[in-house]
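Keep in mind that the numbers below use all heavy atoms, side chains included, and drop hydrogens, waters and symmetry copies.
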Amino acid sequence: MTLLLRVKKQDASKTKKFLIDNNLLNNDFRVKKEEEHILFPINEEFELNELSFEASFTEGEAEKSKLLEIPKLEDELKKILSVKEMEVVSKSQDVIGDIAIIEIPDALISKEKEIAKIFLKCNPSIVTVLKKGKHEGVFRLQKLDYLVGEDKKETIHVENKARLFLNVEDVYFSPRMANERLRISKLVKKGEEVLVMFSGAGPYPLVIAKNSEAKKIDGVEINPKGKEFGDVSIKKNKINNVFLYTGDVYEVIPKLVSEGKKYDRVVMPAPHNANSFLKTALGALKKKGFIHFYDFVHEDEFEKRVDELILEAKSNGRKAKLLGIYKVGQNKPRMYRTCIDLEILE
Ligand code: SAH
């Protein structure tokens with residue numbers, strides 16, 4: 001079954017433009033026609049009041065689009081690369097909206113455009129291919145060199161019912177954390193006040209807003225572009241309970257606290273040196289609450305890491321209990337991006 005949007009025939013072209021502009025059109029299937037209506041296959045539901053005309057969601061069978069007869073990446077790469085080159089070429093990509101970010105090993109730089117063209121050809125939802133850089137500096141930004149397709153760095157990424165507007169070079173964003181963001185959203189209880197430290201372009205606040213009954217979500221991010229793009233997403237998603245602040249969490253959070261703001265839950269998605277921020281997070285938490293602490297931890301050191309956190313909470317006068325430790329990514333063998341969920345009991 002495919003998710004479809006049913007609109008009157010006369011609204012079809014407006015609908016198509018809206019769906020394409022917002023990356024909501026599901027290109028894997030063909031548009032269906034009924035006597036008076038057109039049914040568009042879509043990726044996600046959205047707020048229907050964003051359309052100025054009548055429309056409804058439905059589910060149904062839709063014919064697979066011709067686009068599905070696209071060549072396989074591996075087969076196409078084999079045509080231009082030697083066996084040796086095939087061993088080093090990266091076959092994975094990060095897809096953010098309609099932009100693909102691919103890794104090019106040094107040995108293949110002379111063929112980078114040809115390789116990028118193949119990624120473009122083998123993935124019909126992609127219009128731009130950029131070359132992966134290294135995350136650097138406080139903002140964790142990467143320089144993304146243009147390879148092929150439309151020369152642009154702005155896109156709209158659809159994730160967990162939220163549409164995220166961003167420039168992939170100006171703000172940190174990892175599409176790989178989608179499941180984790182949904183996991184956190186599901187833990188948020190009705191009426192909670194949530195603080196997201198290091199909120200980037202706002203993926204955590206927006207996904208939580210779309211998938212929970214939180215009362216409000218505040219996000220703090222040092223890169224001013226984070227709030228800039230996040231505020232666009234808030235508006236476009238018609239969200240009214242997310243507030244983004246620009247600045248260093250060390251300065252902004254104590255200020256929010258001094259204005260009387262305290263939170264039921266603090267999310268800390270900065271896996272590098274997040275340690276030093278725990279005190280600030282605890283200071284913003286109500287008497288009882290929850291902390292989601294992200295860090296890169298070696299498999300053998302999970303227990304040690306948890307003990308350290310509990311001890312640090314204790315030295316701040318708080319009693320912390322481990323709820324769970326989750327592997328949410330991996331950067332080296334046995335080294336995991338983890339989320340440690342803590343309940344603060346007092
Ligand atoms: N939560 C976002 C971004 C995580 S990356 C996402 O999942 O996409 C870490 C982010 O922390 C970066 O955007 C970086 O600019 C921000 N950052 C680093 N140090 C900071 C500080 N002291 N205060 C606020 N934000 C900070």
Side-chain angles (χ1 to χ4, degrees), residues 3 5 15 18-27 40-51 55 57 94-101 125-126 153-168 170-221 223 225-246 263 265-270 292 294 328-329 339:
L3 186 59
L5 180 74
T15 308
F18 172 84
L19 294 175
I20 291 174
D21 285 351
N22 288 284
N23 273 352
L24 287 162
L25 193 63
N26 182 346
N27 288 311
F40 287 94
I42 55 169
N43 296 322
E44 296 252 352
E45 289 195 7
F46 55 92
E47 309 282 341
L48 285 174
N49 59 10
E50 287 187 47
L51 301 172
F57 296 117
D94 267 345
V95 177
I96 305 181
D98 54 7
I99 297 178
I101 299 170
S125 58
I126 295 303
K153 296 197 172 147
E154 275 191 23
T155 189
I156 306 167
H157 184 75
V158 183
E159 180 193 302
N160 298 312
K161 296 190 197 144
R163 275 170 295 136
L164 307 165
F165 292 73
L166 49 103
N167 176 313
V168 290
D170 288 350
V171 278
Y172 176 93
F173 176 74
S174 171
R176 298 181 192 194
M177 296 293 278
N179 288 338
E180 174 59 12
R181 285 190 270 267
L182 190 62
R183 181 183 78 84
I184 300 292
S185 309
K186 298 245 156 96
L187 296 171
V188 174
K189 295 187 272 296
K190 188 174 176 177
E192 272 191 22
E193 295 177 292
V194 181
L195 172 65
V196 177
M197 296 166 80
F198 324 106
S199 49
Y204 272 91
L206 279 131
V207 168
I208 294 172
K210 282 281 183 187
N211 297 280
S212 80
E213 292 183 76
K215 184 173 168 196
K216 75 154 183 175
I217 306 122
D218 284 347
V220 182
E221 164 60 48
N223 176 354
K225 291 275 181 189
K227 178 175 163 63
E228 217 173 277
F229 285 107
D231 281 346
V232 173
S233 300
I234 289 171
K235 214 166 145 205
K236 298 266 189 191
N237 286 275
K238 292 202 166 24
I239 285 172
N240 54 20
N241 61 344
V242 171
F243 305 92
L244 301 176
Y245 299 87
T246 302
Y263 303 88
R265 189 178 296 274
V266 181
V267 188
M268 305 174 65
H292 303 284
Y294 292 85
V328 298
C339 182

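- Not counting sequence neighbours, K236 has no partner by the side-chain hydrogen bond (donor to acceptor under 3.5 Å, both in side chains) test.
- With sequence neighbours excluded, no residue forms a side-chain hydrogen bond (donor to acceptor under 3.5 Å, both in side chains) with Y245.
- Sequence neighbours left out, the pairs with a member in residues 199-211 that pass salt bridge (charged side-chain N to carboxylate O under 4.0 Å, His left out) are E47-K210.
- In this structure, E154 has no salt bridge (charged side-chain N to carboxylate O under 4.0 Å, His left out) partners at least two apart in sequence or on a different chain.
- Note on E159 versus R181: salt bridge recorded, some NZ/NE/NH1/NH2 to OD/OE distance being below 4.0 Å.
- In the displayed structure, K153 atom NZ is contacted under 6.0 Å by more than 12 heavy atoms of other residues, nucleotides or ligands.
- Annotation: side-chain hydrogen bond (donor to acceptor under 3.5 Å, both in side chains) contacts of S212 (sequence neighbours excluded): none.
- Annotation for P269 and Y294: closest pair CA-CD1, 3.4 Å, computed over non-hydrogen atoms.
- Side-chain N/O atoms of N27 and S125 include no donor and acceptor closer than 3.5 Å.
- A donor-acceptor pair is defined here as one N or O able to donate and one able to accept, closer than 3.5 Å; such a pair exists between the side chain of N237 and the backbone of R163.
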Under the side-chain hydrogen bond (donor to acceptor under 3.5 Å, both in side chains) criterion, do E192 and Y263 qualify, and how do the steps go?
CA-CA 8 Å; E192 272 191 22; Y263 303 88; over 6 Å; no

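- The two residues L25 and N43 come nearest to each other via the heavy atoms O-ND2, 3.4 Å.
- Contact detail for S174 and Y172: the closest heavy-atom pair is CB-OH, 3.6 Å.
- The salt bridge (charged side-chain N to carboxylate O under 4.0 Å, His left out) search around E44 returns none, not counting sequence neighbours.
- For the pair L195/V267, no side-chain contact is recorded, criterion being any heavy-atom separation below 4.5 Å from C-beta on.
- Checked against side-chain contact (heavy atoms from CB on, under 4.5 Å), D21 has the following partners two or more places apart in sequence or in another chain: K17.
- Residues H292 and R265 have side chains that bring a donor and an acceptor to within less than 3.5 angstrom of each other.
- Not counting sequence neighbours, the partners of D170 by the side-chain hydrogen bond (donor to acceptor under 3.5 Å, both in side chains) test are N167.
- Under the 3.5 Å distance criterion, the side-chain polar atoms of S185 are left unmatched by any main-chain donor or acceptor of N211.
- Counting non-hydrogen atoms of other residues, nucleotides and ligands closer than 6.0 Å to NZ of K238 gives a total above 12.
- Of all heavy-atom pairs between E50 and F18, the closest is OE1-CZ, 3.6 Å.
- When all heavy atoms of P205 and L244 are compared, the pair lying nearest together is CG-CD2, 4.2 Å.
- Atoms CZ and CD1, on F40 and I20 in that order, are 8.5 Å from each other to the nearest 0.5 Å.
- Residues satisfying the salt bridge (charged side-chain N to carboxylate O under 4.0 Å, His left out) criterion with K216, sequence neighbours excluded, are D218.
- For residues 194-204, the set of pairs meeting the salt bridge (charged side-chain N to carboxylate O under 4.0 Å, His left out) definition, not counting sequence neighbours, is empty.
- Here V95 pairs with Q93, N123, I126 under the side-chain contact (heavy atoms from CB on, under 4.5 Å) rule; sequence neighbours left out.
- With sequence neighbours excluded, the residues that form a salt bridge (charged side-chain N to carboxylate O under 4.0 Å, His left out) with R176 are D94.
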